[in-house]
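Naming convention: chains lettered A, B, ... in sequence-line order (proteins, then strands); numbering from 1 in each chain.
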Amino acid sequence: MTNYQMPRGTQDILPNEIEKWHALEEYLQKFTTLYHYKEIRTPIFEHTEVFKRGNDSSDMVNKEMYTFMDNGARSLTLRPEGTAGVCRSFVENKLYGSPDLPVKLYYMGPMMRYERPQKGRQRIFNQFGVEVLGVKNPYLDVETIALGYSILSGLGLKDLVVQLNTLGDDESRNNYREALKKHFHGYLDELCVDCHRRYEQNPLRILDCKVDHDHPAMKSAPKISDYLNEESRDYFEKVKAGLDALEIPYTVEDRLVRGLDYYTHTVFEIVSVNEDMGAQATLLAGGRYDGLIEYFGGPEMSGIGWALGMERILLALEAENIEIAKDEGIDAYVLCLCKEAQLEAFKLTTMLRSHGFICDTDYQQRSFKAQFKSVERMKAKIAILVGEDELASHTLSLKKIDTQEQFKIPADEIITKMDELLEERF
RNA sequence: GCGACUGUGGUGAAGCGGUUAACACAGCGGGUUGUGGUCCCGUCAUGCGUGGGUUCGAAUCCCAUCAGUCGCCCCA
């Protein structure tokens, strides 16, 4: 048996939970369609260079990717995130030539990352994300964040916090990075081992450290806001003003740095503060990226996007006791009460289905009692009985479960009767 | 990659070296020869994640391995 266990960090989504997924998927698609986004589907694996770009310092790219050789010499990687593939496609298909920029896209599907699984984190997980490509305008940043916030609050989620920051443009960020290194240089001995690594690879992340969170050097560290050039500062001010205008609540977190290296200017996360969420409470996160489209050989264009973790959304809904989908049950269950009635019951079931009724029947010749329990479990609205009497007299017995009403009708009137009893069906 | 805890039937669990592997729920059959949800009776793990080892004897001890959970790291 053990050999056939699913790989670590993967999951089966079983029939009893699929309705939640359908409901969430449908909700997300409808919501983004309202904002005039269109779906894009890109491959689940890409050439490794799509994700691994030269100087990238993130763990995700450096140690969490499923990379393999494609027969010959090509190195391929199972996508760990959605943005890179979308940008690659944007360039490859020359979508930048669209007369109606920006191009607004959404995607949905599995992402793969080699990580240690825990609550809210699997090796294969599903993301839904949006990308707005081709135009750089702070109001698009605002629109994108507002969309993310509306999606989450529209689900009924309350324990949400929007965290916002800016990384500035390259110039601002480089200056800031140098300033940070200078600042922390003297404290290096007092900081944790991870911070030493961060110091070399991505000094901004030192600010994120939980171990050294309370170290005095953290509080005295320079702030990005002091290193923004005029353009970057101006851009950020407009984003904030736009969010204020739309009355989107947010807090500016100058320690918020995103994991991916391609971000510039606006970065944001929407976090659940519900205590049942565990350590992985970031529901949705994203930011603006200036250099990515160029990297793939496209024009000098900017983009902004975010992704949300669908499993985490489902967890958050559970934590806040929100039902996204309920089991509607079936229209009818056909009980077969004797061997002779089997064919008749089977034919009836098939015929009802062809008229649009969701129904099922017994295939095991179980006892009457057992079949009626199925009626209950399947939440059937109507029980239809086929037995010796009905066969002999060409009739059917019906029981409407919610009212307990019973009927005995000629067999050929079943559809009319069903329609009458179930007014709301499609 | 690091640390801690856990792994017994469809589910929840007791057992912690010698038991026919408790008990409860669910399932199935019956009491009620055609009306469920209550009640009663019966039945339901040749096996205790997997593979080794110790032992006369292992679900119980040891080792390895796989998986889960929680945290760190990281991230959605």
Side-chain angles (χ1 to χ4, degrees), chain A residues 1-11 14 16 57-65 80-83 108-129 148 152 192-195 197-198 201-202 205 208-211 256-260 268-272 276-287 305-316 333 335-338 341 364-380 383-391 397-402 404-408:
Chain A
M1 277 302 278
T2 186
N3 296 350
Y4 301 112
Q5 276 180 147
M6 69 180 104
R8 181 168 223 185
T10 63
Q11 60 173 344
L14 298 173
N16 62 3
S57 71
S58 71
D59 277 6
M60 189 191 84
V61 169
N62 287 299
K63 27 187 240 205
E64 296 176 359
M65 297 208 302
E81 55 112 359
T83 303
M108 182 163 66
M111 303 295 163
M112 280 64 73
R113 264 125 88 158
Y114 184 80
E115 297 181 278
R116 189 81 180 259
Q118 65 183 79
K119 188 174 190 177
R121 188 168 78 188
Q122 295 105 301
R123 291 246 280 193
I124 299 182
F125 61 103
N126 290 279
Q127 280 192 342
F128 178 94
L152 297 184
C192 72
V193 284
D194 287 321
C195 281
R197 202 194 69 233
R198 294 181 184 114
Q201 292 184 344
N202 192 349
R205 294 216 71 99
D208 238 359
C209 183
K210 291 182 184 76
V211 179
L256 176 66
V257 175
R258 308 273 12 272
L260 280 10
F268 54 92
E269 287 188 4
I270 303 181
V271 177
S272 170
D276 291 343
M277 282 302 288
Q280 312 301 326
T282 301
L283 265 22
L284 179 154
W306 52 250
L308 61 79
M310 298 178 70
E311 285 84 356
R312 288 188 187 175
I313 301 298
L314 261 13
L315 278 176
Y333 188 86
L335 289 84
C336 174
L337 304 179
C338 62
Q364 299 181 92
Q365 296 138 60
R366 289 133 81 218
S367 69
F368 174 81
K369 192 172 181 174
Q371 291 190 51
F372 229 111
K373 284 191 173 176
S374 292
V375 171
E376 259 185 279
R377 279 194 298 270
M378 296 182 192
K379 297 191 176 71
I384 303 177
L385 283 61
V386 188
E388 287 171 10
D389 294 356
E390 287 80 2
L391 280 183
S397 299
L398 314 204
K399 180 168 183 176
K400 189 152 189 285
I401 301 302
D402 56 352
Q404 302 267 36
E405 292 171 276
Q406 296 195 34
F407 309 90
K408 190 147 191 173

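Scored by the salt bridge (charged side-chain N to carboxylate O under 4.0 Å, His left out) test, A:K373 finds no partners at all (sequence neighbours excluded).
Rounded to the nearest Å, the gap between the C1' atom of B:A13 and that of B:A26 is 14 Å. Separation of the P atoms belonging to B:G17 and B:C62 is 12 Å when rounded to the nearest angstrom. Comparing B:C5 with B:C41, their P atoms sit 43 Å apart, to the nearest whole Å. Here, B:G1 and B:G53 have their P atoms 28 Å apart, quoted to the whole Å. Nucleotides B:A59 and B:U8 have their P atoms positioned 15 Å apart, rounded to a whole Å. Taking atom P on both B:A45 and B:C61, the two are 25 Å apart, rounded to the nearest angstrom. Atom P of B:G36 sits at a distance of 48 Å from the matching atom of B:G18, rounded to the whole Å. For the C1' atoms, the distance from B:U38 to B:U69 is 38 Å, rounded to whole Å.
Salt bridge absent: A:E115 and A:R123 never bring a charged side-chain N and a carboxylate O closer than 4.0 Å.
Checked by atom type and distance alone, the side chain of A:E388 never pairs as donor or acceptor with a backbone atom of A:C338 at under 3.5 Å. Although no hydrogens or angles enter the test, the distance criterion places a donor-acceptor pair under 3.5 Å between the side chain of A:E311 and the main chain of A:N126. With hydrogens and angles disregarded, a donor-acceptor distance shorter than 3.5 Å links the side chain of A:E390 to the backbone of A:G387.
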Dot-bracket pairing map - RNA chain B, Watson-Crick plus G-U, both contacts under 3.5 Å, | cross-strand: ((((((((.[[[..)..(....]]].(((((.......))))).....[[[[[..)....]]]]])))))))....

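Among the heavy atoms of the strands, none lies under 4.0 Å from A:G148. A:Q280 comes within 4.0 angstrom of a nucleotide base, judged by non-hydrogen atoms across all strands. Nucleic acid contact class of A:G120 (heavy atoms, under 4.0 Å, all strands): base. Contacts of A:L335 with the nucleic acid, taken as non-hydrogen atoms under 4.0 Å apart, are absent.
Heavy atoms only, all atoms of each residue included: A:A380 and A:I401 are closest at O-CG1, 3.4 Å. Taking all atoms of both residues into account, the shortest heavy-atom contact from A:M108 to A:F128 is SD-CD1, 3.7 Å. In terms of heavy-atom proximity, A:A307 sits nearest to A:Q127 at CB-OE1, 3.6 Å.
At the phosphate of B:G71, OP1 or OP2 sits under 4.0 Å from a side-chain N or O atom of A:Q118. OP1 or OP2 of B:C28 has not a single side-chain nitrogen or oxygen of A:S367 nearer than 4.0 Å.
For the pair A:V375 and A:K399, the minimum side-chain heavy-atom distance is 4.5 Å or more.
Atom CG of A:N16 and atom P of B:A26 are 18 Å apart (whole Å). Whole-Å rounding puts the A:M6 CE to B:G49 P distance at 18 Å. Across the protein-nucleic acid pair, A:R8 atom CZ and B:G49 atom C1' stand 14 Å apart, rounded to whole Å. The interatomic distance linking A:Q11 (CD) with B:A67 (C1') rounds to 15 Å, in whole Å.
Within 3.5 Å, no donor on the side chain of A:R116 pairs with an acceptor on the base of B:C73, nor the reverse. Donor-acceptor pairing under 3.5 Å, judged by distance alone, is present between the side chain of A:R121 and the base of B:C73.
In the model, A:K119 has no side-chain atom that pairs as donor or acceptor with a side-chain atom of A:Q280 under 3.5 Å.
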Nucleotides 31-36 of chain B: protein proximity per nucleotide (B base, S sugar-phosphate only, - neither; heavy atom, under 4.0 Å): B--BBB

